[in-house]
Amino acid sequence: MTKAKILIIEDDKEISRLTAMYLEAENYHTQIVTDGLKAVSSVQHYQPELIILDLMLPGLDGISICKQVREFYFHPILVLTACAD
């Protein structure tokens, strides 16, 4: 039985692949978006129950994505980001 739909907005291919793999092993349905410019429309189209959001993305950063989707998306957004600093 499939659990919630989770949208992973992450440009690092290995991080997004591993995150999706672990979630799918627990029967979550995942979709990956790697470009910030496609993120908002992906949220509208996919209608996930959870968003896992990176902050540093090409096109549109995670903070801007969060502000835009909060106008219509009321489910949880989990910020997962890696920074060398």
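Interatomic distance, I32 CD1 to D11 CG, rounded to the nearest 0.5 Å: 11.5 Å. Distance check: E10 CD to M56 CE gives 8.5 Å after rounding to the nearest 0.5 Å.
Between the side chains of T81 and D54, at least one donor N or O sits under 3.5 Å from an acceptor N or O.
Side chains of L53 and I65 form a contact here, defined as non-hydrogen atoms less than 4.5 Å apart. Put simply, the side chain of L55 reaches to within 4.5 Å of the side chain of I63, judged on heavy atoms.
Looking at R70, its side chain does come within 3.5 Å of a backbone N or O of Y73 through a donor-acceptor pair.
Residues I6 and I77 do not share a hydrophobic cluster, defined by chaining ILVMFWY side chains whose heavy atoms lie under 4.5 Å apart. Linking Ile, Leu, Val, Met, Phe, Trp and Tyr residues whenever their side-chain heavy atoms come within less than 4.5 Å leaves L80 and M21 in two separate clusters. Cluster membership for Y28 and L7, using ILVMFWY side-chain heavy atoms within less than 4.5 angstrom, is not shared.
Closest of all the heavy-atom pairs between D12 and E14 is OD1-N, 3.0 Å.
Among residues two or more places apart in sequence or in another chain, the side chain to side chain donor-acceptor pair (under 3.5 Å) test is passed with Q68 by none.
Of the candidates T19, I15, V33, T34, T19 is the only one forming a side-chain contact (heavy atoms from CB on, under 4.5 Å) with I8.
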Per-pair distances, 0.1 Å, donor-acceptor, side chain in residues 36-52, under 3.5 Å, sequence neighbours excluded:
| residue | atom | partner | partner atom | Å |
| --- | --- | --- | --- | --- |
| S41 | OG | K38 | O | 3.2 |
| S42 | OG | K38 | O | 2.8 |
| Y46 | OH | H29 | O | 3.2 |
| E49 | OE1 | K5 | N | 2.5 |

